[in-house]
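Note on naming: letters A, B, ... go to the chains in the order of the sequence lines (proteins, then strands), and numbering restarts at 1 for each one.
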Protein chains: 2
Amino acid sequence: MEQTKAVAALAALAQDTRLSVFRLLMQTGPDGMIAGAVAEAMDVPPSTMSHHLAKLEQAGLVMSWRTSRLIHYAADYAGIHALLNFLMADCCRGDPNACADLLSAITCSASPEGAGV
Amino acid sequence: MEQTKAVAALAALAQDTRLSVFRLLMQTGPDGMIAGAVAEAMDVPPSTMSHHLAKLEQAGLVMSWRTSRLIHYAADYAGIHALLNFLMADCCRGDPNACADLLSAITCSASPEGAGV
DNA sequence: ATTATATTTCTACAATTGCAAAAATATCGA
DNA sequence: TCGATATTTTTGCAATTGTAGAAATATAAT
């Protein structure tokens, strides 16, 4: 991933509604949700949500497909993966121990505040 | 991490100069760099860099300390950790297999294009 | 064809952000 | 104290972004 794409992806996520949408779609899984349902869930007008979804899609963070009149949106796992990898590239001066501490506790499941890693 | 802080952190990273600075400091390690050296490395005026560094620090992504006239900046590993965890929270509907695929190949070292995971 | 539904594109405006020169602040050495 | 160095704060402007109503487009049902 190049810098320009990373900036676009981060900018797409750096907005309240879009960050919520992205996390919602991450949690929803590969089947995704239809555009209207996303707009309703976030309580914003369809035209506004359309803009946000387009920005997320252009950033490579979500993908869409059509079934008849409905347009489905789902998280693009490869996209978020590429972004995270770009952020962490060559970090810790290559020290595996420091890296392990940093990455080990990143999980897909919720991390309750008190939970030990 | 709450949503508001996550948006601030993502916005801090969603800018060309700041993203480069963050990655530079991630790679530099805990000793960090002095402000002037960062400005010089990025080829921007000190006042501009001061703004960028302040934004990164306010977002919890870098930390600073002073030794005499010099101010050191270094990556805040806890901050980036919290952000990544927030992004991935409850993803994949809790399916560990999907999560494993998503996270396994995120490494601190460089990932050459051809390298198998 | 006509109507209804789902979504996007167009449009306009308020609010935010990036930028860097100039001035101000902090620390050190003489 | 005075001058020199390092960094931040102030200031102002151009550019970008978020927002949502209205119009346009795509699909389906009658």
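Protein atom CG of A:Leu13 is 15 Å distant from nucleotide atom P of D:dT17, rounded to whole Å. Here D:dT7 presents its C1' atom at 16 Å from CG of B:Leu56, a figure rounded to the nearest Å. Between A:Asp43 atom CG and D:dT19 atom P the separation is 12 Å, expressed in whole Å. Note: CE (A:Met42) to P (D:dT19) measures 13 Å, nearest angstrom. The distance from atom CG of A:Leu19 to atom P of D:dT17 is 17 Å, rounded to the nearest whole Å. Distance B:Glu40 CD to D:dT7 C1': 15 Å, rounded to the nearest Å. At whole-Å resolution of the value, CD1 in B:Ile71 and C1' in D:dT9 are 13 Å apart. If you measure from atom CD of B:Glu57 to atom P of D:dT7, you get 14 Å, rounded to the nearest angstrom.
Listed candidates were D:dA20, D:dT8, D:dG18. Nearest to the side chain of B:Ser47 is D:dT8. Of the candidate nucleotides D:dT17, C:dT8, D:dT7, D:dT17 has the atom nearest to the side chain of A:Lys55. Residue A:Thr48 has its side chain nearest to D:dT19 when only D:dT7, C:dC19, D:dT19 are considered. When distances run from any side-chain atom of A:His51 to the nucleotides C:dT7, C:dG18, C:dC10, the shortest one goes to C:dC10.
The base of D:dA28 is not paired with the side chain of A:Ser68 by any donor and acceptor separated by under 3.5 Å.
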(request) Quick one: do B:Thr67 and B:His72 satisfy side chain to side chain donor-acceptor pair (under 3.5 Å)? Show the steps, please. (result) CA-CA 8 Å; B:Thr67 63; B:His72 298 250; 2.9 Å; yes
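Along DNA chain C, the nucleotide nearest to A:Leu53 and the one nearest to A:Arg69 differ in position, and the one closer to the 5' end is contacted by A:Arg69. Between B:Ile34 and A:Thr17, the residue anchored nearer the 5' end of DNA chain D, judged by the nucleotide with its closest heavy atom, is B:Ile34.
At a threshold of 4.5 Å between non-hydrogen side-chain atoms, the residues A:Leu19 and B:Phe86 count as touching.
Put simply, B:Tyr73 has no side-chain N or O that comes within less than 4.0 Å of OP1 or OP2 on D:dA6. Phosphate proximity of D:dT19 to A:Gln15: present, with a side-chain N or O under 4.0 Å from OP1 or OP2. Between B:Arg18 and the phosphate of C:dG18, there is a side-chain N or O to OP1/OP2 separation shorter than 4.0 Å.
Here the CE-OG1 distance, from A:Met33 to A:Thr28, works out to 5.5 Å after rounding to the nearest 0.5 Å. To the nearest 0.5 angstrom, B:Leu53 atom CG is 13.0 Å from B:Lys55 atom NZ.
Annotation for A:Arg66 and A:Arg69: closest pair NH2-O, 4.1 Å, computed over non-hydrogen atoms. Closest non-hydrogen pair, B:Leu61 versus B:Phe22, comes out as O-CE1, 3.8 Å.
B:Ser50 comes within 4.0 angstrom of a base, heavy atoms only. Within the 4.0 angstrom heavy-atom criterion, base atoms lie near B:Pro46. If you check every strand for non-hydrogen atoms under 4.0 Å, B:His52 touches sugar and phosphate atoms only.
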